[in-house]
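Report on the structure given below.
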2 protein chains.
Amino acid sequence: MSGPAQRRITIKEVAEAAGVGVATVSRVLSGGSASAETREKVLAAAARLDYRPSALGRNLRRQRTGGIGLLVPDITDSFYARLTDGVLSCARSYGEPVTVGVTGDDPEREAELIGTLIEQSMDRLIAVPSGDGEMWAPALRAGLNVVFADRRVRADVPSVVPDDRAGVLTAVEYLAGLGHRKIAYLGRHGQSQRVAAFSAAIASLGLPADRDLVVHARSSRDSAYAAAAGLLQHRPDVTAVIAGGNVLGEAAVLAARELDVRIPRDVSLIMFDDVPWAELCSPPLTVIAQPAQDIGYRAAELVLRQGRRPPTVTLPTQLVVRASCGPKVSVPRR
Amino acid sequence: MSGPAQRRITIKEVAEAAGVGVATVSRVLSGGSASAETREKVLAAAARLDYRPSALGRNLRRQRTGGIGLLVPDITDSFYARLTDGVLSCARSYGEPVTVGVTGDDPEREAELIGTLIEQSMDRLIAVPSGDGEMWAPALRAGLNVVFADRRVRADVPSVVPDDRAGVLTAVEYLAGLGHRKIAYLGRHGQSQRVAAFSAAIASLGLPADRDLVVHARSSRDSAYAAAAGLLQHRPDVTAVIAGGNVLGEAAVLAARELDVRIPRDVSLIMFDDVPWAELCSPPLTVIAQPAQDIGYRAAELVLRQGRRPPTVTLPTQLVVRASCGPKVSVPRR
DNA sequence: ACCACTCATGGAAACGATTCCATCATGATT
DNA sequence: AATCATGATGGAATCGTTTCCATGAGTGGT
């Protein structure tokens with residue numbers, strides 16, 4: 001099927017064809033100094049032979065692999081897909097390849113993937129961290145150039161995150177303004193920042209604190225559905241739910257339908273992350289939009305442009321009001 | 001910030017620590033023959049020093065980079081995100097890293113990305129091809145091990161594709177059974193297979209052929225919306241639309257709303273690719289489900305397991321009836 | 001007791017690039 | 001005219017691994 005796998009042109013052959021030494025070829029091709037005459041000869045020979053320098057040789061000598069590693073919990077989640085798109089978009093303009101891994105929010109899998117990346121001598125990594133900060137100590141000690149995206153678990157690693165505090169506060173204030181007092185937060189693991197912001201917001205508005213009002217799911221759709229259904233079923237007193245991501249939001253809508261809980265009549269719903277279908281949904285979902293693509297792009301910039309790196313870049317979120325929130329019902333459901 | 005970038009342990013140091021030669025270490029670690037005694041010494045030394053072989057050195061020597069390249073048109077599109085997930089899932093079980101690039105369905109960008117991959121000596125590639133078959137000749141000649149996914153543009157390259165013919169036929173038959181005769185296909189570039197299948201299905205059912213009933217969009221959401229709006233606006237006689245992907249379907253629903261065309265009363269809609277939100281949509285969308293994840297998984301298997309490779313794997317699609325199709329209206333719109 | 005044969009073992013070459021360093025030519029300065 | 005500075009150039013070392021090949025030890029057979 002495939003041909004005789006034609007051998008690759010090496011720098012030695014180019015040198016021979018141009019009648020110069022390999023060192024000169026290398027210099028010309030990587031912008032070193034050379035006389036106009038030899039430069040031309042080398043360039044001509046390289047073009048004629050269609051020479052492509054092998055990244056393998058270069059990387060071995062340079063002791064580092066170009067390219068970026070990217071670790072996301074779930075590429076199927078629109079938020080992380082867009083984040084990935086941002087990374088790829090920035091990396092492309094630098095001509096850097098990106099190696100993607102999905103962690104499923106499992107610290108063990110994450111560690112395994114980091115291991116693979118280190119084995120490849122990859123020295124730049126963008127990650128949506130699953131585990132706690134401790135886990136990253138060995139990777140950092142190995143000289144890995146890490147940037148966190150979406151979540152921040154260590155102060156000594158540059159991070160690009162959405163403004164969770166403001167986003168949560170906006171959502172809670174909006175719901176409180178509608179008269180809601182029992183507001184639940186439906187989140188996934190790894191959102192400690194947001195849960196903290198949620199509790200703070202609840203407290204600052206003088207609403208009743210209740211630890212059971214934050215529910216956690218794992219990263220699968222099944223787990224999200226179970227968490228949403230559990231919340232709606234066991235807490236008929238909550239009148240508003242904040243879903244901490246589009247998968248959670250989707251699960252909440254589905255669970256509400258199944259349980260015959262109407263949105264927004266019976267319970268109001270705000271979803272983190274604006275996705276195209278939020279508008280198509282019935283009812284159209286009120287959301288806190290997050291700049292997923294920007295987060296990825298900025299993280300890639302940070303990891304590619306070494307040097308002065310701000311500890312944390314925080315990107316604004318935005319409340320988009322549609323039709324999934326209404327005034328508090330006067331009598332509790334059921 | 002980052003520490004003194006501790007130097008990497010090399011095989012030479014392990015050999016020294018174990019009191020053997022480097023060749024022996026290499027043999028032990030890659031499963032060659034060695035006496036039980038030395039094997040143990042080597043393993044102990046490697047463990048003690050936390051030795052990780054450098055993929056760089058290995059790859060240079062072996063003249064090939066492990067890992068898989070993956071080229072998709074748009075990672076933001078749920079279909080390709082799921083396909084990617086399938087590839088990653090299979091690759092993970094082999095411990096192979098995956099390098100992802102997005103082509104935007106632009107043959108030029110695609111060629112550029114292939115170049116980058118070849119530069120990395122990557123020799124395995126899974127691609128959703130954007131251009132025509134010709135484009136791939138150089139890559140194949142370079143000894144690249146290619147598998148196509150989702151689309152098949154060359155007979156001499158193994159491909160994993162959904163059963164477009166059956167899927168389209170099912171959709172057209174379903175709509176015809178509802179009484180529709182003017183059925184439009186809203187597709188994107190690169191779907192020549194499906195367009196051919198569409199024309200064949202129309203013909204086989206004795207429906208009027210009309211070339212203008214297939215409309216093409218580029219891969220952006222804007223382009224999809226424009227195409228959908230154009231179709232609905234200029235062809236009030238079509239009573240049913242088949243959208244060739246979830247982005248197109250989304251655009252069709254949006255455009256229909258904007259133009260006050262009601263689904264399914266005014267026009268019926270079938271969307272290719274089942275996505276979670278299809279059920280949440282108003283109305284819930286009737287779809288032709290495609291096994292996106294499976295396509296990716298199978299393609300990865302094919303590219304990883306060399307040897308006997310079937311020319312084409314075709315995976316079944318499935319009609320999922322929801323609420324976006326109705327009987328043909330008796331009077332044309334407007 | 002000698003030969004043939006197997007098997008573990010380590011030295012060294014190879015992969016393809018970059019880069020240090022020595023060499024040589026040329027032009028400028030004393 | 002001799003010396004020095006400058007700059008272009010090519011040989012060779014280097015990166016970390018795998019693998020070829022030679023060596024030596026040990027075993028069994030005649």
Side-chain angles (χ1 to χ4, degrees), chain A residues 5-43 45-46 49-67 95 116-123 142-143, chain B residues 5-43 45-46 49-67 116 118-123 142-143:
Chain A
Q6 90 193 350
R7 214 176 40 70
R8 187 184 187 111
I9 305 289
T10 74
I11 197 173
K12 200 172 161 189
E13 297 169 273
V14 176
E16 211 161 309
V20 299
V22 290
T24 305
V25 176
S26 174
R27 263 188 305 255
V28 169
L29 262 31
S30 50
S33 66
S35 74
E37 189 192 4
T38 37
R39 158 163 289 119
E40 199 173 336
K41 274 195 303 189
V42 169
L43 256 26
L49 298 178
D50 189 32
Y51 167 69
R52 309 280 193 108
S54 152
L56 249 43
R58 185 199 341 266
N59 292 340
L60 177 57
R61 173 61 216 240
R62 291 230 184 113
Q63 287 292 75
R64 61 195 204 79
T65 297
T116 310
L117 257 24
I118 290 186
E119 215 161 86
Q120 309 287 325
S121 300
M122 203 149 281
D123 56 354
Chain B
Q6 91 193 351
R7 215 175 41 68
R8 186 183 189 111
I9 304 290
T10 74
I11 198 175
K12 200 172 161 190
E13 297 168 275
V14 176
E16 210 161 309
V20 299
V22 290
T24 304
V25 176
S26 174
R27 261 189 306 257
V28 169
L29 262 31
S30 48
S33 67
S35 75
E37 188 192 3
T38 39
R39 157 164 290 120
E40 199 173 336
K41 275 194 303 185
V42 170
L43 256 26
L49 297 178
D50 188 31
Y51 167 67
R52 309 281 192 107
S54 154
L56 249 42
R58 181 195 348 261
N59 292 340
L60 177 57
R61 173 61 217 239
R62 291 226 183 117
Q63 287 292 73
R64 60 194 204 81
T65 299
T116 309
I118 290 186
E119 216 161 86
Q120 308 287 324
S121 300
M122 202 148 283
D123 57 354

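Both backbone and side-chain heavy atoms feed into the values below; hydrogens, waters and symmetry mates do not. Chain letters run A, B, ... following the sequence lines, proteins first and then strands; every chain starts at 1.
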Within this structure, what is the CG-to-P distance between B/Asn59 and C/dA17, rounded to whole angstrom? 15 Å
Are B/Asp50 and B/Ile9 close enough, and set up right, to give a side chain to side chain contact (heavy atoms under 4.5 Å, CB included), and what steps lead you there? CA-CA 8 Å; B/Asp50 188 31; B/Ile9 304 290; 5.9 Å; no
When the distance from NZ of A/Lys12 to C1' of D/dG10 is rounded to whole Å, what number comes out? 14 Å
All N/O pairs under 3.5 Å across the protein-nucleotides 5-8 of chain D interface:
unit_1, atom_1, unit_2, atom_2, d
D/dA8, OP2, A/Ser33, OG, 3.0

Whole-Å distance separating the CD atom of B/Glu13 from the C1' atom of D/dT17: 14 Å
All side-chain hydrogen bond (donor to acceptor under 3.5 Å, both in side chains) counterparts of A/Thr38, not counting sequence neighbours: A/Ser35
If you apply the rule side chain to side chain contact (heavy atoms under 4.5 Å, CB included), what do you find for B/Leu43 with B/Arg39, and how did you get there? CA-CA 6 Å; B/Leu43 256 26; B/Arg39 157 164 290 120; 3.8 Å; yes
Nearest whole angstrom, please: distance from the C1' of D/dG16 to the CD of B/Gln63. 14 Å
Validation: residues 16-32 of chain B side-chain donor-acceptor distances under 3.5 Å, sequence neighbours left out:
unit_1, atom_1, unit_2, atom_2, d
B/Ser30, OG, B/Ser26, O, 2.6

Classify the nucleic acid contact of A/Leu60 as base, sugar-phosphate or nothing, counting any heavy atom under 4.0 Å across all strands shown. base
How bent is the helix from C/dA1-D/dT30 to C/dT30-D/dA1, measuring the angle between the end axes built from five pairs each, rounded to 10°? 60°
Heavy-atom closest pair, residues A/Ile118 and A/Ala142: CD1-CB, 4.2 Å
Take the protein atom CG of A/Leu56 and the nucleotide atom C1' of D/dT14, then report the distance between them rounded to whole Å. 16 Å
Taking salt bridge (charged side-chain N to carboxylate O under 4.0 Å, His left out) as the test, write out the residues that go with B/Arg62, two or more places apart. none
Under-3.5 Å N/O pairs linking protein and nucleotides 18-25 of chain D:
unit_1, atom_1, unit_2, atom_2, d
D/dT18, OP1, B/Arg58, NH1, 2.9
D/dT18, OP2, B/Ser26, OG, 2.8
D/dT18, O2, B/Arg61, NH1, 2.3
D/dT19, O4', B/Arg61, NH2, 3.3

Which residues pass the salt bridge (charged side-chain N to carboxylate O under 4.0 Å, His left out) test with B/Arg64, sequence neighbours left out? B/Asp123
Atom pair distance, as rounded to whole Å: CD1 in A/Ile9 and C1' in C/dC15: 16 Å
B/Ser54/A/Glu119 under side chain to side chain contact (heavy atoms under 4.5 Å, CB included): CA gap, chis, key distance, verdict: CA-CA 5 Å; B/Ser54 154; A/Glu119 215 161 86; over 6 Å; no
Output, in order, the C-alpha distance, side-chain angles, deciding distance and verdict of side chain to side chain contact (heavy atoms under 4.5 Å, CB included) for B/Gln63 and A/Arg8. CA-CA 10 Å; B/Gln63 287 292 73; A/Arg8 187 184 187 111; 6.0 Å; no
Holding to salt bridge (charged side-chain N to carboxylate O under 4.0 Å, His left out), I want the full list of residues that pass it with B/Glu13, two or more places apart in sequence or in another chain. B/Arg7
